[in-house]
Enquirer: 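A single structure is presented below for examination.
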Amino acid sequence: MKSQVSTVRLRAVTLLSILVVWAIPGCGSNESSKFEEFRKRQKQRELDQVGQPQDLTTALNKANHELKYGAPSRVLAITEPLLLVHPEDPELIVLTAKALAATGSQADAANLIASIPADEPRFGNLSITESSKWFFEAGQVDEAIERLTNHLHDHPDDNRVRRQAIRTLNRCGRQLEASEHLTALLRRGEIQEKELFSMLNLNDLLLDETTEPEKKSDRPENGPEANGPEALYESKRLREVGQYEEAIHFCRILRNRFPDSTPIAAFLGRLLAERNRFEELADWAEGLPSEIQREPEYWYAMGTLAAHQGQDPVAVRCFAEAINRNPTDRHSTIGLARALIRCGQGDQASCIETRFQHLDEIANLALALGRRAGTTDQYHRLADHLDQLDRPLEAFAWKRIAMSKSGATAEDYQANDQARSESGSASATGRTRAADRCHIELSRWPLPSGNLGQVLPTEKETPASLPSSQHAELNDIAAVVGLDFEYQSGDDWSDDLFYLHQQTGGGIGVIDFDQDGWPDLYFTQSGGRPNAESESGPNRLFRNLNGEQFQDISDFTGTADRGYGQGVSVADFNQDGWMDIWIANIGRNVLRINNGDGTFQDQALPIANDNHWTTSVAAGDLDGNGLPEIIEVNYIDDPRAFQIACTPAETCGPNQFHPGPDRWLTVTPNGGIERWRAGPNSNSPSSIGQQVVAAVGRSAREGHGFAAIIADIDGAGGNDVYVANDGDTNFFWNRQTEPGHAASLSNDWSDSADLAGCAGSARGGRHGSMGLAAGDFDRNGMMDLFVTNYWDQEADLYLQQTRSLFRHATETSDLTESSKPTVGWGTQAIDINRDGWLDMIVLNGHIVDHTARGIPFKMLPQLYLGSADRFHLAHHPVERETFWSEPTLGRTLATLDWNRDGRPDFVANRLDGPAALLQNNTDVQNWLRLKLVGVESERDAVGAKVIVDAGEHQWTGWVVGGGGFLCSNEAILDFGLADQMQVDRLEIIWPSGTRQTLDEVEVNRTHLIVETQSDSRR
């Protein structure tokens, strides 16, 4: 054995000698043998001069000195001849290998240092770690990993080598293999907190302190020049920071360069699946490398493709295979739950969804812990969720960390360790397969077949194509028509300090308070202290004078509330035929009842002196009794929010403060307002957020709410509720009772946003959601949702494909790039140019002045013009200053037809200037507007669905309660009809269940339709 080792070293030295010869100018591999003989004689003379042990010591000292001062070539000149005499001296080998690595010969260095036995007292461990490092740097990844794993097989307690294995596997993009080594540390109780943190989500990159992220400017335009594994690491890093196009570009280059790599192929599939690029995904599915099925990302990609193709049984199998390999993958988990629902497996879907909820809470806690040191409560909550997911090893470890933060005693530690030991988890894998836990027999579900790559139509096609118009003209005429209002937040603009409540803006309500047919406008004001009832400026009511002027009549009508105003809701709350005003304040909310004579009076609310921070209010019948319920959307329930000032350097966000649970109220038959009770026999009023927390123990049901809509969102009959939350998952409350049956609060509502696919981002993250719009954007007859978000977060467009199942379509609708660099607030969806496709307006503006960092503070509003498959961002002329060319701090946006010309107009509020009235001067095509009045249904008919048939075309619209941001729109259903000159058939499905039809309806008119029995059918 010794002679074999010596031979290897002699070969290495001989190779080095040849390399030195090649380095001499004019010499190469074909030089004469005479020169080689000359070099050999020279080497022999050098060896003769070394000879004695004391000369070796001197030489090693000199070589160390040269290496220390960065002269590796001089080190080789010293050590190379010595190796021929002392081929087994470990220090000499180490010096030579380090010098070789310093000159760029990592493979030679790795081979040389690997010849030192692992049990050599001084340098054995270094032989393992350095050879692995240099093999990796030379691109010999398998050799690098093999060196580490072989050593760990014989020395499983060598944590230093195990941690290097973790880093190396992570840099190769092989997180699951790295997690096996993390689990080994976990079993022995030797895992560190940052390593434990890495185990929470194995889709993300694990810790790697040895690799600095490569600067974008340093990467070549044509792709990574590094070896494949490191470039895969870079591709994954780009995905984590949201640079998807670069990540896909990198991964495609790697896929071509390393066609047999299963991690690379699988990750490319995941990227394409996450971006809904289904045609490319179908191409990707052809010609994959062998053994690709061991990669969970392959199964996620195939599951996504199968779901898109309508092959739900295949999707069940694929997503189940994915989470069996990676149980931390919440995206595959919720994908499995949705596929099971579509396959009619409700119980199994519910089980999987519960697991997803725990994973989602873990992800949220991980995000919080990544920002700042965790609290004892957060660590305990993390442990509890891990326990519920059958991951006891991690749970006990986090409990131990929680104890270390709370000053636990030695007895406490001993009790925790004893419980861990008694659970038997110390020797177990610590994870139970989700499919087994939820009784999913994989053999029942088919594997993907060869036809999965075929692109099949899965969405309902539009009855006939309509060309879209790419023109709209909206001009601000507020100053001309006497609409003189400017919101005052109370912020001192001369300094950098501000408070969160000074950034949300004020509400706008469109109300025809005097029933003269002309929409009037109501604005909330602030400026004083929050929770003070009379310190802010007065709210203002402007009367519309026949579409020619506005007149401020606040002082004569009793509407000038002086609380710290936020949103406003306009509805007929007492069902007397006159529209009332519900004012959302920071502090006591106010209901002003319309007396019918031009004046309003206060009506008491259930809590007279509450300190809720209510942002928006939505109204509509939720229990099917023909009377409206009211949802007060609350933002923060924490007095510190009004005491902690924010600055550009010390940014504060909503998640620093406890969220305010939304409050659900109801109108009684005598017109009173009560809290909606937990059930017909219960006397314990409660908020729905508190009810759900009590039922399932999830704090996530309290969100930092900004906007809500009430409508029959899922088309199942009976109204649902959707709430947009800032920094929390959005809520989608589904009614669980049959239409016509009374629904109670606690037992008959379920938040299905996660399962429905409308809770957050495309990757399941929690966005900072503000504004909310609803409509049938793709004209498939189902309600879709659009949500505006915070900076560096694309807006969320959710297209409903089947009942209660949405597809995240921001990317495919061309909204990502334009919405991501904005902070979006108020938004509305309506057909501005009457081409038959819904358009959208979004108001933008930051809350923090980060212009020094290259981030805009004031921002331009955006107008998106709709079409059959995407939205087009309108570009406005800049030769003159207009509403569209002046960056502002935009906030609230409401829609109305102020001059009754059939073209939708808008009212826009901002923090840094007066309100704007955007008159629509677009050359439009045909249109239809409907005013619905309920009889059996509640009067505002919230939840009514209208289907318009004209020629080969069909449109669907809904009466919606709430929507937008802090606002109420004109209570009109609006349709753009393009070139259709007549509506052939109009069908109305009222909230009561009554169906009413009208034939040959005249276009370009506003029609009043009353729910009656004479010409209707059930």
Enquirer: Within the 4.5 Å heavy-atom criterion, are L100 and I113 side-chain neighbours or not?
Expert: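 No. Closest side-chain heavy atoms not under 4.5 Å.
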Enquirer: Using a 4.5 Å cut-off on heavy atoms from C-beta on, say whether the side chain of T376 contacts that of H380.
Expert: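 A side-chain contact under 4.5 Å exists here.
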Enquirer: Checking R330 against N201: is there a side-chain donor and acceptor pair closer than 3.5 Å?
Expert: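 No, because no side-chain N or O of N201 sits under 3.5 Å from a partner of the opposite role on R330.
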Enquirer: Do the side chain of E195 and the main chain of Q192 share a donor and acceptor less than 3.5 angstrom apart?
Expert: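 Present.
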Enquirer: Answer yes or no on whether K194 is positioned over the face of F197, meaning its NZ or CZ is under 6.0 Å from the six-membered ring centre and within 45° of the axis.
Expert: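 Because its charged atom misses either the 6.0 Å distance or the 45° angle limit, K194 does not stack over F197.
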Enquirer: Heavy atoms, side chains only, cut-off 4.5 Å: are R147 and F135 in contact?
Expert: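 They are in side-chain contact.
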Enquirer: Can any side-chain N or O of S261 pair as donor or acceptor with the backbone N or O of F258 at less than 3.5 Å?
Expert: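 It does not hold such a pair.
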Enquirer: Check D89 against L60 and note the closest heavy-atom contact, atom names and distance.
Expert: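 For D89 versus L60, the nearest heavy atoms are OD1-CD1, 4.4 Å.
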Enquirer: After noting the C-alpha distance and the side-chain angles of R294 and E291, does the key distance pass the salt bridge (charged side-chain N to carboxylate O under 4.0 Å, His left out) rule?
Expert: CA-CA 6 Å; R294 69 186 181 187; E291 300 185 6; 3.1 Å; yes
Enquirer: Evaluate salt bridge (charged side-chain N to carboxylate O under 4.0 Å, His left out) for K399 paired with D387, printing each intermediate quantity in order.
Expert: CA-CA 11 Å; K399 288 176 185 177; D387 257 335; 3.2 Å; yes
Enquirer: What's the spacing between N111 CG and S105 OG if we round to 0.5 Å?
Expert: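 If I round to the nearest 0.5 Å, the distance is 11.5 Å.
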Enquirer: Could you point out which residue of R400, E193, M403 forms a side-chain contact (heavy atoms from CB on, under 4.5 Å) with Y379?
Expert: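 With Y379 as partner, R400, E193, M403 yield a single side-chain contact (heavy atoms from CB on, under 4.5 Å), made by E193.
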Enquirer: Have E274 and Y300 got a donor and an acceptor in their side chains that come within less than 3.5 Å?
Expert: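 Side chains of E274 and Y300: no pair found under 3.5 Å.
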Enquirer: Kindly write out the residues that satisfy salt bridge (Lys or Arg N to Asp or Glu O under 4.0 Å) with D792, not counting sequence neighbours, or none if the list is empty.
Expert: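 For D792, no residue satisfies salt bridge (Lys or Arg N to Asp or Glu O under 4.0 Å) once neighbours in sequence are set aside.
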Enquirer: Just by modelled atom types, is the P259 backbone N or O under 3.5 Å from a matching donor or acceptor in the R255 side chain?
Expert: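 Yes.
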Enquirer: Is a salt bridge present between E66 and K62, judged by a nitrogen-to-oxygen distance below 4.0 Å?
Expert: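 No, no charged N to carboxylate O under 4.0 Å.
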Enquirer: Could you check whether K133 and Q106, counting side-chain N and O atoms only, form a donor-acceptor pair closer than 3.5 Å?
Expert: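 Absent: no donor and acceptor within the cut-off.
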Enquirer: So which atom in S198 and which in L182 form the shortest heavy-atom distance, rounded to 0.1 Å?
Expert: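 For S198 versus L182, the nearest heavy atoms are CB-CD1, 4.3 Å.
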Enquirer: How close do A107 and A138 get, heavy atom to heavy atom, and via which atoms?
Expert: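 Shortest heavy-atom separation between A107 and A138 comes out as N-CB, 3.8 Å.
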Enquirer: I'd like to know if the side chain of E120 reaches the main chain of F123, judged simply by a donor and an acceptor atom lying under 3.5 Å from each other, with no hydrogens or angles considered.
Expert: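 Checking the backbone N and O of F123 against the side chain of E120, a donor-acceptor pair under 3.5 Å is found.
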Enquirer: Is there side-chain contact between F136 and Q164, with heavy atoms separated by less than 4.5 Å?
Expert: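 No, every pair of side-chain atoms sits at 4.5 Å or beyond.
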Enquirer: Are any non-hydrogen side-chain atoms of T57 and E91 less than 4.5 angstrom apart?
Expert: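 No. Closest side-chain heavy atoms not under 4.5 Å.
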Enquirer: Are the side chain of E361 and the backbone N or O of H358 linked by a donor-acceptor pair below 3.5 Å?
Expert: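 Answer holds: no.
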Enquirer: Any idea which heavy atoms bring T79 and A63 closest together, and the distance?
Expert: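 Shortest heavy-atom separation between T79 and A63 comes out as CG2-CB, 4.0 Å.
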Enquirer: Looking at S127, is its backbone amide N or carbonyl O close enough to the side chain of E130 to form a donor-acceptor pair, meaning the two atoms are under 3.5 Å apart?
Expert: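 Checked: no pair found.
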Enquirer: How are the rings of H155 and H151 set to each other: parallel, tilted or perpendicular (split at 30° and 60°)?
Expert: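 Rings of H155 and H151: parallel, under 30°.
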Enquirer: Could you pull out the closest heavy-atom pair between S290 and T262, with the gap in Å?
Expert: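 Taking every non-hydrogen atom into account, O-CG2, 3.2 Å.
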Enquirer: Indicate yes or no: at least one non-hydrogen side-chain atom of T96 is less than 4.5 angstrom from one of E80.
Expert: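 Not in contact.
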Enquirer: For the backbone of A165 and the side chain of T168, can you confirm whether one donor and one acceptor N or O come within less than 3.5 Å of each other?
Expert: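 Checked: no pair found.
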Enquirer: Counting distance only, does the side-chain N/O of R275 pair as donor-acceptor with the main-chain N or O of L271 below 3.5 Å?
Expert: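 No, because the side chain of R275 does not come within donor-acceptor range (under 3.5 Å) of the backbone of L271.
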Enquirer: Does E146 have any side-chain contact (heavy atoms from CB on, under 4.5 Å) partners at least two apart in sequence or in another chain, and if so, which?
Expert: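 E146 satisfies side-chain contact (heavy atoms from CB on, under 4.5 Å) with N150 only.
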Enquirer: How about R74: does its CZ atom have over 12 heavy atoms from other parts shown lying under 6.0 Å from it?
Expert: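 No, because the 6.0 Å sphere around CZ of R74 holds 12 heavy atoms or fewer from other groups.
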Enquirer: Within the 4.5 Å heavy-atom criterion, are W284 and Y298 side-chain neighbours or not?
Expert: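 SC-SC contact between W284 and Y298 confirmed.
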Enquirer: Any ion pair linking D377 and R381 (charged N to carboxylate O, less than 4.0 Å)?
Expert: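 Looking at R381 and D377, the cut-off is met.
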Enquirer: Within the distance-only criterion (no hydrogens, no angle test), does the side chain of W299 pair as donor or acceptor with the backbone N or O of Q293 below 3.5 angstrom?
Expert: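 Yes, because the side chain of W299 sits within donor-acceptor range (under 3.5 Å) of the backbone of Q293.
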Enquirer: Can you name the closest pair of heavy atoms from A366 and L200 and give their distance?
Expert: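 Taking every non-hydrogen atom into account, CB-CD1, 3.9 Å.
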Enquirer: Show the numbers, then the answer: is there a salt bridge (charged side-chain N to carboxylate O under 4.0 Å, His left out) between K236 and E240?
Expert: CA-CA 6 Å; K236 291 194 172 188; E240 287 196 356; over 6 Å; no
Enquirer: Is it true that atom NZ of K98 has more than 12 heavy atoms of other residues, nucleotides or ligands lying nearer than 6.0 Å?
Expert: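 At most 12 heavy atoms, drawn from other residues, nucleotides or ligands, come within 6.0 Å of this atom.
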Enquirer: Could you give the distance from CG (L369) to CD1 (I362), rounded to the nearest 0.5 Å?
Expert: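 So the gap between those two atoms works out to 11.5 Å.
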Enquirer: Enter the distance from S179:OG to L185:CG here, rounded to the nearest 0.5 Å.
Expert: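 It is 11.5 Å, given to the nearest 0.5 Å.
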Enquirer: Looking at E295 and E297, would you say the former's side chain and the latter's main chain have a donor-acceptor pair under 3.5 Å?
Expert: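 Between the backbone of E297 and the side chain of E295 there is no qualifying donor-acceptor contact (under 3.5 Å).
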Enquirer: Any non-hydrogen side-chain atom of S132 less than 4.5 Å from a side-chain atom of I145?
Expert: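 No, every pair of side-chain atoms sits at 4.5 Å or beyond.
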